[in-house]
Amino acid sequence: VIGSAAEALDNTTDVETPERVRFRHHVAGPVRRGLAYLVDAVVRGGILLGIGVVITASTGSPRAKVSSSGLMLIVLFALEWVYFVALESALNGQTPGKRALGLRVVKTGGHPVTFIDCVLRNLLRGADFLPIGYVVGLASMAADRRFRRLGDRVAGTMVVIEDRPRALPALGFDAPPTDAELAALPGRLALRPDELDAIELFLRRRTLSAPRRRELAELIAPPLAARLGVVYDDPERLIAALFVRARGRGGRA
Amino acid sequence: VIDQDAFVARRRTAWDELDALLGAGRDLHKLPPANISRAAALYRSVCSDLMRARAAGYDADVVRLLDALAARAHGALYRAPPHRVSALWDLVAREFPRTLRRHGRAFACATALMIVPAIVSFAGSRQSREFALQVLPEETAEQMEAVYADDMSRGRDEATDLAMAGFYVSNNVGIAFRCFSTGVLFGLGSVFFLVYNGLVFGAVAGLVSRAGHGRNLFTFVAGHGAFELTAIVVAATAGLVMGYALVATGGLTRWASLRRRAPDVARLVMGAALMLLVAAGIEGFWSPAGFPAPVKWSVAAALWVAVAAYLAFAGREARA
């Protein structure tokens, strides 16, 4: 049930491993990647500034000034073309910007990127950038399920969100539904499995503040109550009672 | 099927352990062997947890946590092999020239697309300054005429050499990479930049020789040109290969056809980049050095022969 619901979303892609396990990657969209690019731009600017200061401070004579201008051009070149290639291949598909935003470049098959992939996808920034500000790249991303710019398509890569979700609150009730409340419900509940899943997610979101839970419950309860023909005082208690009647106190039998 | 909360409670420690192993250091292969095999075992158990969680219909948060954990472990365990210096040697000694020969026709096209406009533009600019000004801005034209009025027989000082080497690296590699990358637009960008650069080179050469300094320019350019012009054409060849793969798909989808050519394209571009580094070294330090013209010409001839022989013969298999 969860699977078919998630397939309807457009920012996930399935990967099948040699162990015949399928898992799902969340593909990063243009905004998040743009922010990572900005962070990298700041890092690159910082490096340029730092090296510039060191070079300027250590050169006095006019002749040294001339040669330092050559060094600066080489640094500039390296920051433009080498920075992404070197870091992505050394840090397994990440740059400081991507790391800050929790992004990673992987092959479309889910494997880590190789050096050649990094060369291709980053040199092709030249085409993605056209005519200005990555317009071609954005158009390519808009036309692709996996938000790949041209460089990604040629290199066979995609950028995924690598998050570490932690909180898994257990199902629990501050005040469990009473037998009277359960008895007041009709004998047969016409609830679909996905509706029960949604209710379960709501019940597990115990990190939400009380007013926010209340607000959500007031959105969920009325249509259900209308369909099932139930009268209620407190929407939160109704939802909990419906769930316990359908699934039992532990959530699953 | 067990209760979701019981499942999470039972498996939680294993997940946290794997999470900690992955978070400990960036490189899994630098951890002690026991940790690596532990991570592999945990990865497999997380994979089965994931399938179980999906089959049992546990809620989206659990599946998402396991998805993310399995994906991270997979990325760490199946990491690309580390880089070897020998791979660079393979590229230089064999793979790059072989790949270029496989795409000989694209290389010939790229060469023609640069040389023909260059000749036309050279002839035209030699005849009339007006012609050159159709291609170059007035300012650049005057600058070029002034720069090559000096025959450089006295050489330049080292500081200027370094500055110029820096300029050539950034400028020429930029040109070459543009010739390459815009080829992904059905080859059109590569064609445009080849013709455009051909016109500019021709115009500069025509203009300078019209001003009577042609000898200075050619003496200066001949040496590094062997690497530089060839590398720009090679980069554009990679662009044309991409463009052609998008058009002649051989029954594949366009992008699959392009993907099939990707390894070749990457070799060509990396080869071109290496050649440009050599060119920048020659251009910055040898070309302006104060040697008499005959020496310069002989060295230039030797370099051209060397580049041609390298591209034509390096990495050929011995025939029985």
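Proteins come first, then strands; the chains are lettered A, B, ... in the order of their sequence lines, and each starts at number 1. Side chains included, hydrogens not; waters and symmetry mates left out as well; all remaining heavy atoms used.
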Bottom line for A/Leu76: the part with an atom under 4.5 Å from chain B's heavy atoms is neither
Cut-off 4.5 Å, heavy atoms of chain B, and the answer for A/Val154 is both
Check A/Lys98 with A/Glu162, please: is the shortest side-chain N to carboxylate O separation under 4.0 Å?
no
Heaviest contributor of heavy-atom pairs below 4.5 Å to chain B, chosen from A/Leu130, A/Leu150, A/Leu124, is A/Leu124
| Are A/Arg204 and B/Asp5 within salt-bridge range, i.e. N to O under 4.0 Å? | yes
query = Does B/Phe7 have B/Arg52 sitting over its ring (NZ/CZ under 6.0 Å from centre, angle to axis within 45°)?
reply = no
* Honestly, is A/Arg44 close enough over A/Tyr37, meaning NZ or CZ under 6.0 Å from the six-membered ring centre and within 45° of the axis? -> yes
Review point. Is a salt bridge present between B/Asp264 and B/Arg267, judged by a nitrogen-to-oxygen distance below 4.0 Å?
Key: yes
Pair count under 4.5 Å, heavy atoms only, with chain A: among B/Met270, B/Met51, B/His74, highest is B/His74
Turns out that what part of A/His25 lies under 4.5 Å from chain B's heavy atoms comes down to side chain
Under 4.5 Å to a heavy atom of chain A? For B/Asp16 that would be side chain
message = Check this for me, if you would: do B/Asp67 and B/Arg54 make a salt bridge, where the nitrogen-to-carboxylate-oxygen distance has to be below 4.0 angstrom?
response = yes
*Greater than 12 external heavy atoms within 6.0 Å of A/Phe202's CZ*: yes
Bottom line for B/Arg64: the part with an atom under 4.5 Å from chain A's heavy atoms is both
Most heavy-atom pairs under 4.5 Å with chain A, out of B/Val173, B/Val265, B/Val269, belong to B/Val173
Interface check, chain A: of B/Met242, B/Arg178, B/Arg72, most non-hydrogen pairs under 4.5 Å belong to B/Arg72
